[in-house]
Amino acid sequence: MLSISGLHAFYGNVEALKGIDLEIGAGEIVTLIGANGAGKSTLLMSICGHPPAASGRIVFEGLDITRKPTFEIARLGIAQAPEGRRIFPRMTVLENLLMGAIATGEAARPEDLDWVFTLFPVLKARIRQRGGTLSGGEQQMLAIGRALMARPRLLLLDEPSLGLAPLVVKAIFGVLAEINRQRGTTILLVEQNAFLALKLAHKGYVLQTGTVVLSGSGAELLANRDFHAAYLEGGGSCND
């Protein structure tokens, strides 16, 4: 579904991605693991066109999207729930969700709203409440729900568990598994909780200073001694 080859990207004069190669098959859940500043969030944003690729290729379902603007990429079926949620705090839950459908260039569909409310019943209960008054966990659910309103074939998630209580994290990861199971939605996940992410993922990539240094199935990475020491025993931070 998604093929990235030789991807380089910059923030100003700083090279954040240094020749990334990555493959994601349709229906897979893939996670990106890495220490602070490894380039995980930059990679998600570059897929969406900002920062743009300096060189290399990004191919989505056979189409080269490397130079396409963000709005065209969104209409092809890629949606993102960004780090920090970035909901619209003055808008209601319903208004936030409806904004997600705008990216497709079509009106929101009632069946999509119903599905989001099935996944996150608390959002239906808060439908007229302003987004900024929700709890952190509810805001994360809203950010994911907003992305789902675009009917993505590829869903990009950046640190969905950041700052949330363990029970909320468990609930959100359960929903991600359900999204993948029910609709076959492909998911690319950046996540600070390496163990939880790899338990969910079909495969993972480990980034270090803008390059891929290790890849394999979730089980393979969890069993890798060097990876275990660096990311599961307090040897490295998985925040980006």
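Side chains included, hydrogens not; waters and symmetry mates left out as well; all remaining heavy atoms used.
Taking a 6.0 Å sphere around CZ of F195, one finds it holds 12 or fewer heavy atoms contributed by other residues, nucleotides or ligands.
In this structure, R57 and D64 have side chains that are in contact, with non-hydrogen atoms separated by less than 4.5 Å. A 4.5 Å side-chain heavy-atom check between L196 and S161 finds every atom pair outside the cut-off. No side-chain heavy atom of V122 sits under 4.5 Å from any side-chain heavy atom of L134. Taking the side chain as every heavy atom from C-beta outward, F117 and I127 approach each other to under 4.5 Å. Side-chain contact check for L207 versus V212: some heavy-atom pair is nearer than 4.5 Å. Inter-residue side-chain proximity for T133 and R126 is flagged as unmet; no heavy-atom pair is nearer than 4.5 Å. Counting heavy atoms from C-beta on, the side chains of F88 and E95 never come closer than 4.5 Å. Residues F60 and K68 have side chains not in contact (no heavy-atom distance under 4.5 Å, counting atoms from C-beta outward).
Between R109 atom CZ and R151 atom CZ the span is 3.5 Å, to the nearest 0.5 Å. Here E23 contributes atom CD and S5 contributes atom OG; the two are 8.0 Å apart, rounded to the nearest 0.5 Å. Here the OG1 atom belonging to T186 is positioned 9.0 Å from the CD1 atom belonging to I29, to the nearest 0.5 angstrom. Here OG of S55 is found 7.5 Å from CZ of F10. Values are rounded to the nearest 0.5 Å. Taking CD1 from I87 and CD from Q140, the interatomic distance works out to 10.0 Å, rounded to the nearest 0.5 Å. Here I172 contributes atom CD1 and L119 contributes atom CG; the two are 11.5 Å apart, rounded to the nearest 0.5 Å.
Side-chain atoms of T70 come within 3.5 Å of backbone atoms of C48 as a donor-acceptor pair (strictly under, hydrogens ignored).
Salt bridge annotation for K40-E83: absent, with no cationic side-chain nitrogen under 4.0 angstrom from a carboxylate oxygen. Ion pair R181/E178 flagged as a salt bridge, since at least one NZ, NE, NH1 or NH2 atom sits closer than 4.0 Å to an Asp/Glu carboxylate oxygen.
Each of L142 and L156 belongs to its own hydrophobic cluster when Ile, Leu, Val, Met, Phe, Trp and Tyr are linked at side-chain heavy-atom distances under 4.5 angstrom. At a threshold of 4.5 Å between side-chain heavy atoms, the hydrophobic network of Ile, Leu, Val, Met, Phe, Trp and Tyr places L200 and M141 in one connected group. Taking hydrophobic clusters as Ile, Leu, Val, Met, Phe, Trp and Tyr residues chained together by side-chain heavy-atom distances below 4.5 Å, L157 does not share a cluster with L76. By the criterion of side-chain heavy atoms lying less than 4.5 angstrom apart, applied directly or through intervening Ile, Leu, Val, Met, Phe, Trp or Tyr residues, W115 is grouped together with L94 in one hydrophobic cluster. I144 and L97 fall within a single hydrophobic cluster, where Ile, Leu, Val, Met, Phe, Trp and Tyr side chains are chained together by heavy-atom contacts under 4.5 Å.
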Applying side chain to side chain contact (heavy atoms under 4.5 Å, CB included) to L198 and Y231, what does each step give before you reach the verdict?
CA-CA 11 Å; L198 289 173; Y231 298 106; over 6 Å; no

Please walk me through it: do H202 and V30 pass side chain to side chain contact (heavy atoms under 4.5 Å, CB included)?
CA-CA 6 Å; H202 297 98; V30 177; 5.7 Å; no

Residue pair L43, V190: steps toward the side chain to side chain contact (heavy atoms under 4.5 Å, CB included) verdict
CA-CA 10 Å; L43 179 55; V190 168; over 6 Å; no

L221 vs I33, test: side chain to side chain contact (heavy atoms under 4.5 Å, CB included). Steps then yes/no.
CA-CA 10 Å; L221 290 177; I33 305 294; 5.7 Å; no

